Each structure stands twice: as C-alpha cells, then as structure tokens.
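Structure first, then comments.
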Amino acid sequence: MVSFFTDQAFVTLATNDSYARGAMVLGKSLRKHNTSKKLVALVGPQVSEPCQSVLKRLYDEVRVVDVLDSGDTAHLAMMKRPDLGVTFTKLHCWTLTHYSKCVFMDADTMVLSNIDELFDKEELSAAPDPGWPDCFNSGVFVFRPSVETHGKLLQYCTEHGSFDGGDQGVLNGFFSNWATSDISKHLPFIYNLSSIAIYTYLPAFKYGGNAKVVHFLGKTKPWGYTFDPKAKQISGSEQDATTHSTFLLDWWTLYSGDVVPMLQEQYGDQPFH
Ligand code: UDP
Ligand code: MN
C-alpha cells in the first residue's frame with residue numbers, strides 16, 4: 001500500500017466488530033479514490049483479532065485505545081462520566097500528535113470521490129447537521145492533534161457533559177463559535193451528506209448533489225441490512241426497498257466485493273456475519 005510521506009491522516013473509530021465493518025468500507029473507499037494521506041483506525045479492545053487484521057491491511061495504523069486502561073486524564077474523566085465512554089474514545093483522536101492535521105470520519109461514512117482537499121481547511125471545520133444546522137455534524141471534521149486541546153476537551157466533557165449524550169454535543173459545546181465566527185470552517189454539505197437529507201429536500205439533492213461523502217447516520221446502519229449480491233438488492237428492517245438510497249447499494253457493493261473476501265481469509269472455515 002503506497003502512501004507518500006505525509007503528516008496528515010484520515011482517522012476513524014470502531015469500538016466493536018459492527019462498526020469495524022463500517023471502518024473497513026470507509027478505508028477501502030478512501031484507497032479506491034487514491035488518497036495520498038495516511039489512514040488511521042482507532043479500535044476498542046473488543047474488536048476481534050480477525051477484524052483487526054483486516055483493518056491492518058486497509059489502514060496504515062491501527063491503534064487499540066482503551067480509555068479505561070490509560071491511567072491518565074482520559075481515564076479519570078471516564079470514571080466521572082462513564083456514560084460518555086465512546087465519546088472519550090473518539091476524543092482520543094486529538095492525541096495523534098505525530099500528525100499535524102487530520103480529518104476524522106465516522107465509521108458509518110463512505111467517500112465517493114477523493115476529498116484530500118479537506119486538509120486545506122483548519123480546525124474545527126465541519127458541515128452543518130441536517131437536523132439543526134446551527135450545530136455541526138461530528139461525523140466528518142478537520143482537526144489538529146494536540147495534547148493541550150485533548151486535555152481541554154476532556155475537562156470540558158467532565159464539567160459540562162454532552163447536551164446530546166454523545167461526541168457531537170461535546171464538540172459543539174467546546175467549539176461553540178463554529179456557527180458564527182468563520183464561514184471558511186463550514187464545510188459544504190456534500191462532504192457529509194446524510195440520506196435523511198436527500199429525502200427531505202430531493203430537488204436540492206438533484207441540484208447540488210455532487211456528493212463526496214455519504215453518512216449513514218441514524219439508527220439503522222448499512223451493516224444492519226442484508227444484501228443479495230446476485231440480485232444486487234437490499235432487504236432488512238424496512239419493507240420498501242425503493243426507499244433505500246443508491247448509496248446503500250454502493251456501500252454493500254464495496255463491502256461484499258472487497259471486504260468480505262478479506263474477512264473470509266481471516267475467518268477461514270469459521271462462519272461470520
Ligand atoms: N462508534 C463506535 N461504537 C459505537 C458507537 C459509535 O465505534 O458503539 C463510533 C463510530 O465511529 C461511529 C461514531 O462513533 O461512526 C458515531 O456514532 P454513530 O455513527 O452511530 O452516530 P450517528 O452518526 O448515527 O449520530
Ligand atoms: Mn455516524
């Protein structure tokens with residue numbers, strides 16, 4: 001896997017095997033679109049060996065983060081706010097100080113074209129949240145690793161908590177001037193397009209819908225559906241297959257075509273799903 005020297009990286013997080021599958025598809029999609037940046041996956045200790053092995057083939061760096069084990073301020077913060085477990089793990093991305101700039105991407109995102117130009121943006125750049133556009137969506141954001149910022153974020157978290165119980169609440173609380181201070185930190189919506197938005201404003205999607213990143217936010221994640229690779233059809237929790245975006249099909253095409261063979265190699269004869 002050729003990556004030219006760079007101190008910039010895409011970073012994702014998976015605390016379990018389900019999200020790890022998302023991270024595999026994300027990693028594969030970034031490679032397919034020839035990113036010149038490094039790829040880093042933060043994984044929780046629960047992620048199985050076979051999944052970690054596949055991630056290691058797709059990512060330059062797979063780092064196991066166990067906030068509970070860390071014995072530092074992150075651990076202390078976690079003891080005070082055990083409800084924010086995954087959030088603290090996500091904030092760990094600020095400790096990747098061997099990179100000067102990073103783009104965090106949720107494991108339920110997938111890129112549709114090369115997005116290396118995001119590294120021209122500054123901390124904290126992100127796209128508006130489709131449900132409340134004065135907040136940014138924390139599924140895709142540009143940041144600068146810094147031990148100092150990490151410490152301040154943890155402190156903010158323990159003192160103020162998260163207004164939505166997750167990382168998006170914490171980050172919007174901490175970077176609270178995002179909405180008003182600097183328009184260059186507002187990423188175009190096409191860098192974090194949620195399928196929800198497509199259905200609420202279909203004409204806009206057709207008008208400006210040159211999507212670069214799709215984000216499967218919400219309850220049902222792509223891996224929660226089942227897919228018939230021969231018929232190229234999705235089935236699953238919702239009955240009406242026509243309500244599924246073509247992006248879901250794109251996710252499954254990448255997953256079944258490129259990721260499943262790698263998983264099969266790792267699992268051998270043992271079944272996985
Ligand atoms: N995540 C994880 N394990 C979890 C929940 C979340 O690793 O049990 C990570 C993963 O990278 C995920 C991100 O945190 O994409 C944010 O959560 P999610 O995407 O489920 O939230 P949504 O985008 O639907 O609000
Ligand atoms: Mn997400």
Side-chain angles (χ1 to χ4, degrees), residues 9-30 39-48 51-52 54-55 58-59 61-68 74 78 81-94 96 102-112 115 124 126-133 135-141 143 153 157 162-173 187 189 191-200 211-225 237 245 247-248 251 255 259:
F10 286 102
V11 181
T12 192
L13 163 69
T15 62
N16 56 42
D17 281 7
S18 299
Y19 280 94
R21 270 148 234 261
M24 290 167 200
V25 170
L26 170 62
K28 190 73 204 178
S29 72
L30 284 160
L39 303 189
V40 180
L42 303 177
V43 298
Q46 287 101 315
V47 174
S48 67
C51 282
Q52 287 195 33
V54 172
L55 285 171
L58 291 165
Y59 284 75
E61 192 181 338
V62 176
R63 186 180 278 225
V64 181
V65 282
D66 193 351
V67 177
L68 279 172
M78 174 87 179
R81 295 299 306 255
D83 53 313
L84 294 175
V86 175
T87 299
F88 285 122
T89 315
K90 188 160 172 177
L91 296 181
H92 227 77
C93 66
W94 260 272
L96 297 168
C102 295
V103 173
F104 182 91
M105 300 187 74
D106 267 8
D108 61 344
T109 62
M110 176 177 80
V111 308
L112 307 167
I115 53 165
L124 186 289
D129 185 79
W132 194 265
C135 285
F136 60 83
N137 183 278
S138 62
V140 177
F141 61 87
F143 70 102
L153 275 162
C157 248
S162 164
F163 71 74
D164 67 359
D167 59 282
Q168 182 156 315
V170 171
L171 290 171
N172 273 278
L187 297 180
F189 199 56
Y191 288 98
N192 186 350
L193 183 82
S194 64
S195 355
I196 299 164
I198 302 171
Y199 303 123
T200 46
K212 288 177 186 273
V213 178
V214 57
H215 184 184
F216 300 95
L217 63 81
K219 211 174 93 232
T220 313
K221 300 302 182 191
W223 50 86
Y225 296 88
S237 54
S245 71
F247 299 129
L248 192 59
W251 190 96
Y255 179 69
V259 172

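For ligands, and for the atoms within them, numbers begin at 1 and follow the listed sequence. Please read all numbers here as calculations on a predicted model, not as lab measurements.
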Would you mind running through ligand 1 and noting each atom that sits below 4.0 Å from a heavy atom of G218?
24 (O)
Which protein non-hydrogen atom lies closest to atom 25 (O) of ligand 1, naming both residue and atom, and how far is it?
L217 CB, 4.5 Å
Tell me the protein heavy atom at minimum distance from atom 16 (C) of ligand 1, and give that distance in Å.
D106 OD2, 3.4 Å
For W94 and F141, take the angle between the two ring planes, folded into 0 to 90°, and tell me which bin it lands in: parallel under 30, tilted 30 to 60, perpendicular over 60.
parallel
Proximal atoms of ligand 1 relative to D108 (non-hydrogen, under 4.0 Å)
15 (O), 19 (O), 23 (O), 24 (O)
Side-chain contact, heavy-atom cut-off 4.5 Å: V111 with K212?
no
Please confirm whether the backbone N or O of F136 pairs with a side-chain atom of N172, one donor and one acceptor, at under 3.5 Å?
yes
Residue, atom and distance of the protein heavy atom nearest atom 11 (O) of ligand 1 read L13 O, 2.6 Å
Where the Mn ion (ligand 2) is the centre, what is the NE2-to-OD2 angle for H215 and D106, rounded to 10°?
100°
Using heavy atoms and a threshold below 4.0 Å, how should the contact between V86 and ligand 1 be classified: side chain, backbone, both, or neither?
side chain
Just so I know, are the side chains of L13 and C93 near enough to count as touching, which here means a heavy-atom distance under 4.5 Å?
no
In the protein, what heavy atom is nearest to atom 24 (O) of ligand 1, and what distance, to one decimal place, separates them?
K221 NZ, 2.7 Å
Test side-chain contact (heavy atoms from CB on, under 4.5 Å) applied to N137 and L187, L193, N192, the passing residue:
N192
So is A14 close enough to ligand 1, meaning a heavy atom under 4.0 angstrom away?
yes
Within a strict 4.5 Å, meaning less than it, do heavy atoms of the D17 and V47 side chains meet?
yes
Heavy atoms, side chains only, cut-off 4.5 Å: are F247 and L112 in contact?
yes
Taking the side chain as every heavy atom from C-beta outward, state whether T87 and L171 have any pair of such atoms under 4.5 Å apart.
no
Here the atoms of ligand 1 under 4.0 Å from any heavy atom belonging to H215 are 23 (O)
Location of contacts on N16 toward ligand 1, heavy atoms closer than 4.0 Å:
side chain
Min over D129, T15, V11 of heavy-atom distance to atom 7 (O) of ligand 1 lands on T15
Identify the protein heavy atom lying closest to atom 4 (C) of ligand 1, giving its residue, its atom name and the separation to 0.1 Å.
Y19 CE1, 3.3 Å
At what distance is the nearest protein heavy atom to atom 15 (O) of ligand 1, and which residue and atom is it?
A107 N, 3.0 Å
Where does the angle between the aromatic ring planes of F216 and W251 fall among parallel (under 30°), tilted (30 to 60°) and perpendicular (over 60°)?
perpendicular
